[in-house]
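Taking it in order: structure first as structure tokens, then the write-up.
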Amino acid sequence: MGLVGAGNVAARHADVLAEFPDVRLAAVTDLSLERAAGLAERHGAAVYPHHGDMLERERLDAVYICLPPFAHGPVERAVIEAGLPFFVEKPIAIDLGTAESIAALARSRGVLSAVGHQWRYLDVVQRARELLDGRAVRLALGHWLDKVPPVDWWGRRDGSGGQVVEQAAHVIDLARLLVGEVAAVRAVESEAVAPGGDVAAATVAALRFENGAVGSLAATCLLGWKHRAGLEVYADGLALEISETSLRVFDGDGEPELVEDEGAAKRRVDRAFVDAVLGIGNDVRTDYEDALRTHRVACEIAASAREVAA
């Protein structure tokens, strides 16, 4: 496996891959050669100053791409041109055009892909899907109420694309999975911005789904802690509150049921990709094409909010 990027998320994937006996991290590349060297040394991998050098010199089976939103595009194109399967962390781009062009190229070359929407591998999400089987969701309320992450590019639109694109994409993806495809959005954002940047400090969006359901998404980076991130869904006689760690089930019959997630989703998403590369099973739950649909909704929310502000 080759790894493009050596930040915190890349290191997390590297640590998980190191647990698999059938995977070897062969090479790491990052704009910061020092950071790449530190991660590579920890896993016995080679270091390259540029992804092109890595792709040319290493005999890789697949590549992980863990980059900030603004850096996506050239690496994916190079990996696809090399015919290699790739796993890319979300968000898949800072804008819609870049993501659409990469999706088209991957489609034309028939390259295997996976995207890091690991919430799809949560036990509690699987339980929610079972409970909703045969019940149409009528209302969905999403939220991502958090702090500004400690990276210099996050607070700038030209760095992260904004909070909805960079963080709340997880919630949008979950809404698509449990409710259905989004048909229309309308959004507004606050005049206040993140400290030292131009990303809105708060955004609210209204959503209409293709099946007639309606929903909302609220996001803020005003806090000094991660307050809440998740999705509430309402069907006839059933209410579910889903987060990355738990599921609360309300059916009007006594106390709500609390289901705790076992915390294996981040391992499962990597294992599914490795198995797909090896030709074992078919458990990639979000490929690039599917992630593009989530990214499109996030970009539409961001664009709508900017239009209203203008």
Side-chain angles (χ1 to χ4, degrees), residues 1-94 98-99 101-102 105-106 109-118 149-154 159 265-281 283-284 286-288 291:
M1 199 74 70
L3 178 59
V4 182
N8 291 336
V9 173
R12 186 193 81 209
H13 284 293
D15 290 344
V16 172
L17 294 173
E19 299 174 3
F20 300 151
D22 50 358
V23 176
R24 179 174 65 88
L25 183 59
V28 179
T29 179
D30 190 273
L31 289 177
S32 168
L33 199 56
E34 180 181 359
R35 186 166 57 188
L39 183 57
E41 182 179 4
R42 198 163 83 212
H43 293 283
V47 182
Y48 291 93
H50 190 269
H51 65 270
D53 298 328
M54 182 183 76
L55 294 174
E56 181 180 346
R57 299 178 189 176
E58 293 286 340
R59 297 180 62 185
L60 300 173
D61 295 303
V63 176
Y64 269 72
I65 303 171
C66 303
L67 296 170
F70 66 87
H72 287 290
V75 175
E76 285 89 340
R77 293 186 187 98
V79 171
I80 294 169
E81 293 286 0
L84 293 173
F86 66 99
F87 181 110
V88 59
E89 262 302 338
K90 47 67 55 191
I92 54 178
I94 193 176
T98 298
S101 67
I102 294 168
L105 182 60
R109 299 300 175 89
V111 174
L112 172 70
S113 64
V115 177
H117 282 293
Q118 73 269 6
V151 285
D152 58 5
W153 49 262
W154 194 91
K266 291 177 180 178
R267 185 182 188 280
R268 289 173 183 155
V269 69
D270 285 335
R271 187 66 246 180
F273 177 62
V274 169
D275 284 347
V277 173
L278 293 172
I280 304 170
D283 196 30
V284 171
T286 311
D287 62 8
Y288 200 95

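No more than 12 heavy atoms of other residues, nucleotides or ligands shown are found within 6.0 angstrom of CG on L31. In this structure, R109 places its CZ atom where more than 12 heavy-atom neighbours from other residues, nucleotides or ligands lie under 6.0 Å away. Counted within 6.0 Å of CG on D61, heavy atoms from surrounding residues, nucleotides or ligands total 12 or fewer; the atom is thus considered open. Sparse packing is recorded around CG of N8, with 12 or fewer heavy atoms of other residues, nucleotides or ligands lying under 6.0 Å away. Heavy atoms from other residues, nucleotides or ligands lying under 6.0 Å from CD of E34 number 12 at most.
Listed here is the closest heavy atom pair of T29 and A36: C-CB, 4.2 Å. Residue A272 comes nearest to V284 through the heavy atom pair O-CG2, 3.9 Å, listed as atom of the first residue, atom of the second, then distance. Between Q118 and A265, the closest heavy-atom pair is O-CB, 3.4 Å. The heavy-atom pair separating G5 from L39 by the smallest distance is O-CD2, 4.4 Å. Taking all atoms of both residues into account, the shortest heavy-atom contact from H117 to A291 is CD2-CB, 4.2 Å. A pairwise comparison of heavy atoms in A6 and V28 identifies CB-CG1, 4.2 Å as the closest pair.
Y48 and E58 share a side-chain donor-acceptor pair at under 3.5 Å.
Legend: residues meeting ring-ring contact (aromatic ring centres under 6.0 Å, His included) with H13, ordered by chain and number and at least two apart, are Y64, F87.
At least one side-chain heavy atom of L55 sits less than 4.5 Å from a side-chain heavy atom of L84. Side-chain contact between F273 and V269 is absent, with no heavy atoms from C-beta onward closer than 4.5 Å. Between S101 and R77, the closest side-chain pair of non-hydrogen atoms falls below 4.5 Å. The shortest distance between side-chain heavy atoms of D270 and F20 falls below 4.5 Å. Contact check for V79 versus I65: side-chain heavy atoms found under the 4.5 Å cut-off. Contact of the D283 side chain with the R268 side chain is not registered, since no non-hydrogen atoms from C-beta on lie closer than 4.5 Å. Counting heavy atoms from C-beta on, the side chains of R42 and D15 come closer than 4.5 Å. The shortest side-chain heavy-atom distance between E76 and T98 does not fall under the 4.5 Å cut-off.
Of the possible donor and acceptor atoms, none in the side chain of H43 sits under 3.5 Å from a partner among the backbone N and O of A45.
In this structure, NE2 on H72 lies 8.5 Å from SG on C66, to the nearest 0.5 angstrom. The line from CZ of R267 to CD of E19 is 5.5 Å long, rounded to the nearest 0.5 Å. Rounded to the nearest 0.5 Å, atoms CG (L17) and CG (L3) are 8.0 Å apart. Note that CD1 of I80 and CG of L112 are 11.0 Å apart. Values are rounded to the nearest 0.5 Å.
Under a 4.0 Å N-O distance rule, the pair R271/D275 qualifies as a salt bridge.
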